[in-house]
There are 2 protein chains.
Amino acid sequence: MKPISVLLVDDHLVVRSGLKALLGTQPDITVVAEAASGEEALAAVQQHPADVVMMDLAMGEGMDGIEAIKRLRLASKQQAVLVFTTYDSDADIVRAVDAGAMGYVLKDAAPEEIFAAVRGAAQGKSVMSAPVASKLFQQLRNPDEVLTPREAELLSLLTRGLSNRELGKRLFISEATVKTHLAHIYAKLGVETRAAAIAVAIRREGMR
Amino acid sequence: MKPISVLLVDDHLVVRSGLKALLGTQPDITVVAEAASGEEALAAVQQHPADVVMMDLAMGEGMDGIEAIKRLRLASKQQAVLVFTTYDSDADIVRAVDAGAMGYVLKDAAPEEIFAAVRGAAQGKSVMSAPVASKLFQQLRNPDEVLTPREAELLSLLTRGLSNRELGKRLFISEATVKTHLAHIYAKLGVETRAAAIAVAIRREGMR
DNA sequence: CCCGGCATCAGCCAAAAGGCGGAGAGACCA
DNA sequence: TGGTCTCTCCGCCTTTTGGCTGATGCCGGG
């Protein structure tokens with residue numbers, strides 16, 4: 001049996017080096033390449049077609065992890081993409097799964113969990129950390145709390161600190177409509193004021 | 001010459017393991033212990049009185065990095081504390097320096113920079129990444145934009161989505177005073193509304 | 001073809017937030 | 001002692017926001 005080949009994508013050298021050290025302890029797993037950005041990852045996968053791509057979502061400048069996943073999937077369906085990141089925001093999870101990620105593991109996971117995720121991904125199985133799975137269930141159970149595209153768009157601008165008037169101009173809708181959307185958003189997020197909505201959006205929904 | 005002993009504090013195993021691998025390549029630096037939380041760090045430093053403590057600021061549950069630095073400094077002035085973290089938010093930097101950190105290095109720094117920081121800290125010198133130094137200068141140049149302790153406290157609660165009334169109750173001050181503080185905060189942050197203030201606070205000031 | 005969800009808009013009213021000027025007490029420093 | 005900060009508080013007025021009710025057009029599934 002050939003070992004599982006892995007491509008690491010993370011903008012932090014320490015993380016890559018730590019991951020390599022960890023994975024190196026497993027005889028059936030080999031790190032064949034590393035990349036510090038989405039761009040590098042796309043290039044690296046040409047040279048080293050790995051079985052599993054472990055990817056961070058937040059990567060400083062340039063292409064973000066989600067975009068990188070999409071392009072990787074487009075370029076070739078050979079390798080499975082495993083998200084390996086710090087945060088478990090609802091929005092990130094949904095977007096990653098949507099982009100075609102096979103698994104979602106948090107950086108504070110135990111080594112065994114990480115190994116299991118890599119092996120699972122290599123076999124085409126979905127693996128995710130408990131908190132991540134729990135969030136996904138949450139969403140499935142309460143579809144009433146899922147924002148519509150328009151609401152999400154508005155919320156995103158809201159976190160930029162715009163007033164109702166400004167939101168209206170930006171989205172080419174009347175202030176009245178802005179208010180209606182806001183009322184719906186508040187209900188779905190479980191808040192009463194725009195201030196709280198912004199706080200929730202940035203922290204929970206990951207709208208940075 | 002004895003090698004420099006280092007204690008690593010970070011809640012992510014991958015980061016600790018990567019850092020250990022990196023520092024291990026330097027003959028004059030030895031990692032003598034690791035800790036995954038502020039509490040563990042305080043205990044570990046008793047067993048292994050290291051020359052330098054490398055500490056992350058964001059550490060999930062429990063004591064945060066700033067608090068850990070303060071307690072470490074109280075417990076013993078022997079070791080130098082070097083902050084090693086992902087973000088360079090103004091608030092974090094100021095608070096860390098205030099708590100007694102000797103240096104501030106970002107996780108995306110080059111290995112040489114990390115080594116230099118460890119050696120510097122061991123010799124009692126201050127070392128910080130360029131972006132960090134730049135932010136500090138910024139603050140020195142514009143002291144008008146630095147929040148007072150009370151203002152920072154209020155802003156922190158503001159990002160929780162509280163109303164003026166709630167802020168007043170929480171801080172045992174009148175709503176009028178809350179408004180006064182807010183006006184000052186808005187001026188310092190360069191915004192006009194509480195929504196924008198929250199956005200800036202969470203993103204720029206790192207008040208998560 | 002009707003119903004439900006979505007997006008759009010209106011008007012009314014109460015509450016909250018924000019702008020402005022003024023002011024006193026305590027701390028700290030030159 | 002005088003000047004400067006910081007924190008505290010007041011009143012008055014305008015703007016913004018949020019709650020409520022109701023309505024229209026569009027689209028897609030049953």
Side-chain angles (χ1 to χ4, degrees), chain A residues 91 94 98 139-202 205 207, chain B residues 90-91 94-95 98 139-202 205 207:
Chain A
V94 172
D98 209 57
Q139 299 232 343
L140 288 181
R141 225 180 306 123
N142 304 342
D144 289 357
E145 293 174 10
V146 179
L147 300 179
T148 69
R150 193 57 158 172
E151 285 162 0
E153 192 180 1
L154 206 141
L155 180 56
S156 166
L157 287 177
L158 190 67
T159 66
R160 253 59 221 192
L162 303 193
S163 70
N164 290 352
R165 196 184 311 276
E166 291 169 320
L167 289 171
K169 286 192 180 174
R170 196 73 82 85
L171 298 176
F172 305 105
I173 56 180
S174 79
E175 215 176 314
T177 307
V178 171
K179 285 186 169 190
T180 305
H181 283 310
L182 282 181
H184 294 161
I185 292 174
Y186 296 165
K188 290 182 180 179
L189 294 187
V191 301
E192 281 98 48
T193 69
R194 74 169 46 210
I198 293 173
V200 170
I202 299 185
E205 307 290 330
M207 288 190 173
Chain B
D90 294 6
V94 171
R95 293 198 308 153
D98 209 59
Q139 300 235 339
L140 287 181
R141 228 178 304 124
N142 305 344
D144 289 357
E145 293 175 9
V146 179
L147 299 178
T148 70
R150 193 56 158 173
E151 286 162 358
E153 191 180 1
L154 207 141
L155 181 56
S156 165
L157 287 177
L158 190 66
T159 65
R160 254 56 222 191
L162 303 193
S163 69
N164 290 351
R165 196 187 311 278
E166 292 169 319
L167 289 172
K169 286 192 179 172
R170 195 73 80 85
L171 298 176
F172 304 107
I173 59 181
S174 80
E175 214 175 315
T177 306
V178 170
K179 284 188 172 190
T180 304
H181 282 309
L182 283 181
H184 293 161
I185 291 174
Y186 295 165
K188 290 182 179 180
L189 295 187
V191 300
E192 282 98 47
T193 68
R194 76 168 43 209
I198 293 174
V200 170
I202 299 185
E205 308 291 331
M207 290 190 171

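Numbered from 1 within each chain, the chains take letters A, B, ... in sequence-line order.
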Sequence neighbours excluded and cut-off under 3.5 Å, please list the side-chain donor-acceptor pairs for residues 167-178 of chain A, or say none.
from: A:S174; atom 1: OG; to: A:A176; atom 2: N; distance (Å): 3.3
from: A:S174; atom 1: OG; to: A:T177; atom 2: N; distance (Å): 3.2
from: A:S174; atom 1: OG; to: A:T177; atom 2: OG1; distance (Å): 3.2

Nearest-Å distance, CD (B:E192) to C1' (D:dT14)?
16 Å
What's the CG-P distance between B:N164 and D:dT16, to the nearest Å?
16 Å
Would you give me the side-chain donor-acceptor pairs under 3.5 Å for residues 189-201 of chain A, sequence neighbours excluded?
from: A:T193; atom 1: OG1; to: A:A196; atom 2: N; distance (Å): 3.2
from: A:R194; atom 1: NH1; to: A:L162; atom 2: O; distance (Å): 2.9
from: A:R194; atom 1: NH2; to: A:N164; atom 2: OD1; distance (Å): 2.0

B:L155 CG to D:dT6 C1': how many Å, rounded?
17 Å
For B:L147 and D:dC7, give me the distance from atom CG to atom P, rounded to whole Å.
10 Å
Of B:L155, B:L154, B:L147, the one forming a side chain to side chain contact (heavy atoms under 4.5 Å, CB included) with B:E151 is B:L147
Are OP1 or OP2 of D:dT8 and a side-chain N or O of B:R150 less than 4.0 angstrom apart?
yes
In degrees, rounded to 10°, what is the bend between the two ends of the helix from C:dC1-D:dG30 to C:dA30-D:dT1, using five pairs at each?
40°
Quick one: CG on B:L157 to OG1 on B:T159, what's the gap to the nearest 0.5 Å?
7.5 Å
Taking any atom closer than 4.0 angstrom to a non-hydrogen atom of chain B, what span of DNA chain C does the protein reach, first nucleotide to last?
C:dA16 to C:dG19
What pairs with A:R165 under side chain to side chain donor-acceptor pair (under 3.5 Å), at least two apart in sequence or on another chain?
none
Residues of residues 170-186 of chain B with a heavy atom under 4.0 Å from any atom of DNA chain D, listed by number, are B:I173, B:S174, B:A176, B:T177, B:T180, B:H181
